[in-house]
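A short worksheet on the structure shown next.
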Amino acid sequence: MEPLASAAACGKVILFGEHAVVYRRPALAVPLTQVQATATIEPGEAGITIDAPDLNQSVSLDRASPASPLAAIVRLTLAHLQRQPDTLRLKITINSTVPIASGLGSGAAVSTAIVRALAQWAQATLDEATVSTLVFEVEKLHHGTPSGIDNTVIAYQQSVYFVRDEPIQLFNVATPFTVVIGNTGVAGSTKVAVSDVRKGWEADRAQYEAWFDQIGAIVQQARSAIESGAIDQLGPLMDQNQALLRHINVSGPELERLIAAAKGAGAAGAKLVGGGRGGNMIALVTEQNVTAVSAALKDAGAVSLIVTEIS
Ligand code: MEV
């Protein structure tokens, strides 16, 4: 049977500036279309059920805990669409190839797919800003104090120069470049990493503010380099960003092993992406070294790789 509605959303990669972006420094992020979350709506038998086998979750809206992000995004979106959940019988199925707890925006991708599918089902048109705002509310359940970068990049599906609470700016890539994204296979909770950074910041604000300023300066230089086609500058900037991410204690042994392997095989720079501790890293590669870097990442334990051109 044809579903009543079905919609997808992509993942994302933060090229520069994660964590400092929570403290109002800029960050650069791009959509990652090789991974997708899809929400499909079919007629249900009783109430609203949400099944997400890839996330190991299955919830009934009327019995879900207020802390359930899946239930929260359905409730919020239905309220926005002025539909009463009690009167509805819907079966919502989520399939996602965005690995969870891996820095690629799984939570925001799943929420965005649900908002889009419910809007389609209700025959309503929601603009990107509305989708992003709804998803942001649920990001708070995922991340505690999110900057809003994940929901913005994913809802707009655009490369953004993002500053918290400021209008989004898109950035242009003058000369396309290629990155390999390597998955450590180790779950990294963004919520825990963000909360640990806050504890560090509370204990030594001057030091953390200085580190965040340095990350912000790297982001500005990276934006100029990307917009002017000075790709040779990006590798060292990635390494500098990674050094600061180590200072704020969001790297981890598996990430460091993959980063060292990529650099050893010739990558011009490498860093973790997203919340860190585990999850994914990226390495800047060329046509000449992409095969060697990919092989080195596999040898060092990467459980999956995505090679993508940023353009
Ligand atoms: C998570 O993808 C990025 C972080 O900077 C958190 C956030 O911005 O909300 C770690």
Side-chain angles (χ1 to χ4, degrees), residues 9-32 35 37 69 73 96 98-112 132-166 168-169 179 181-184 186-201 208-209 211-216 218-219 222-223 238 241-242 244-252 255 271-282 306:
C10 64
K12 67 97 197 11
V13 178
I14 299 182
L15 297 177
F16 293 93
E18 49 275 274
H19 285 290
V21 69
V22 174
Y23 299 81
R24 297 197 156 70
R25 273 47 166 210
L28 293 174
V30 296
L32 184 67
V35 287
I73 194 66
S96 180
V98 191
I100 48 175
S102 73
L104 300 183
S106 157
V110 167
S111 293
T112 302
S132 183
T133 304
L134 289 166
V135 175
F136 180 64
E137 284 309 307
V138 176
E139 285 292 283
K140 292 180 193 165
L141 295 176
H142 281 296
H143 291 180
T145 55
S147 64
I149 191 167
D150 288 17
N151 48 286
T152 302
V153 179
I154 291 171
Y156 285 83
Q157 207 172 313
Q158 299 262 26
S159 298
V160 297
Y161 171 89
F162 179 89
V163 183
R164 188 172 181 170
D165 298 331
E166 288 186 11
I168 65 163
Q169 296 177 44
V179 294
I181 305 167
N183 189 349
T184 61
V186 175
S189 162
T190 299
K191 193 171 189 164
V192 172
V194 167
S195 133
D196 286 354
V197 171
R198 183 153 303 264
K199 284 180 202 147
W201 175 76
Y208 273 69
E209 286 291 326
W211 284 331
F212 295 151
D213 281 343
Q214 289 172 46
I215 294 175
I218 289 168
V219 173
R223 181 183 183 176
M238 277 186 187
N241 195 161
Q242 175 62 19
L244 289 155
L245 289 163
R246 273 181 208 124
H247 287 329
I248 64 169
N249 195 23
V250 292
S251 194
L255 282 164
K271 63 179 276 292
L272 67 85
V273 290
R277 296 277 167 82
N280 282 270
M281 47 69 71
I282 51 171
I306 297 172

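Counting convention: from 1, in listed order, for ligands and their atoms alike.
No side-chain donor-acceptor contact under 3.5 Å links T184 to the backbone of N280.
At a threshold of 4.5 Å between non-hydrogen side-chain atoms, the residues N151 and T112 do not count as touching.
Under a 4.0 Å criterion applied to the non-hydrogen atoms of E18, ligand 1 contributes the atoms 5 (O). Those atoms of ligand 1 that come under 4.0 Å of a heavy atom in I149, given as number and element, are 8 (O). Close contacts between ligand 1 and V21 involve ligand atoms 5 (O), 8 (O) [criterion: under 4.0 Å to a heavy atom]. Shown in contact with P146 at under 4.0 Å from a heavy atom are these atoms of ligand 1, numbered in order with element: 9 (O).
Checked against a 3.5 angstrom limit, the closest N/O atoms of K12 and ligand 1 fall inside it. For a threshold of 3.5 Å applied to N or O pairs, the pair formed by S147 and ligand 1 contains at least one separation below that value. In terms of polar-atom proximity, H19 is counted as a contact of ligand 1, with an N or O under 3.5 Å from an N or O of the ligand.
From the protein, the heavy atom lying nearest to atom 3 (C) of ligand 1 is I14 CD1, 3.6 Å.
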Enumerate donor-acceptor pairs with a distance under 3.5 Å from any side-chain N or O in residues 12-19 to protein atoms, sequence neighbours excluded.
residue : atom : partner : partner atom : Å
K12     : NZ   : G103    : O            : 3.2
K12     : NZ   : D150    : OD1          : 3.2
K12     : NZ   : D150    : OD2          : 3.2
E18     : OE1  : K271    : NZ           : 3.0
E18     : OE1  : G274    : N            : 2.9
E18     : OE2  : K271    : NZ           : 2.9
H19     : NE2  : G275    : O            : 2.8

Is there a side chain to side chain contact (heavy atoms under 4.5 Å, CB included) between V219 and Y161 once you walk through the steps?
CA-CA 9 Å; V219 173; Y161 171 89; 4.2 Å; yes
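The side-chain contact (heavy atoms from CB on, under 4.5 Å) check on K140 picks up F136, E137, P146, with sequence neighbours excluded.
Under the 3.5 Å distance criterion, with hydrogens and angles disregarded, a donor-acceptor pair is assigned to the side chains of Q242 and S251.
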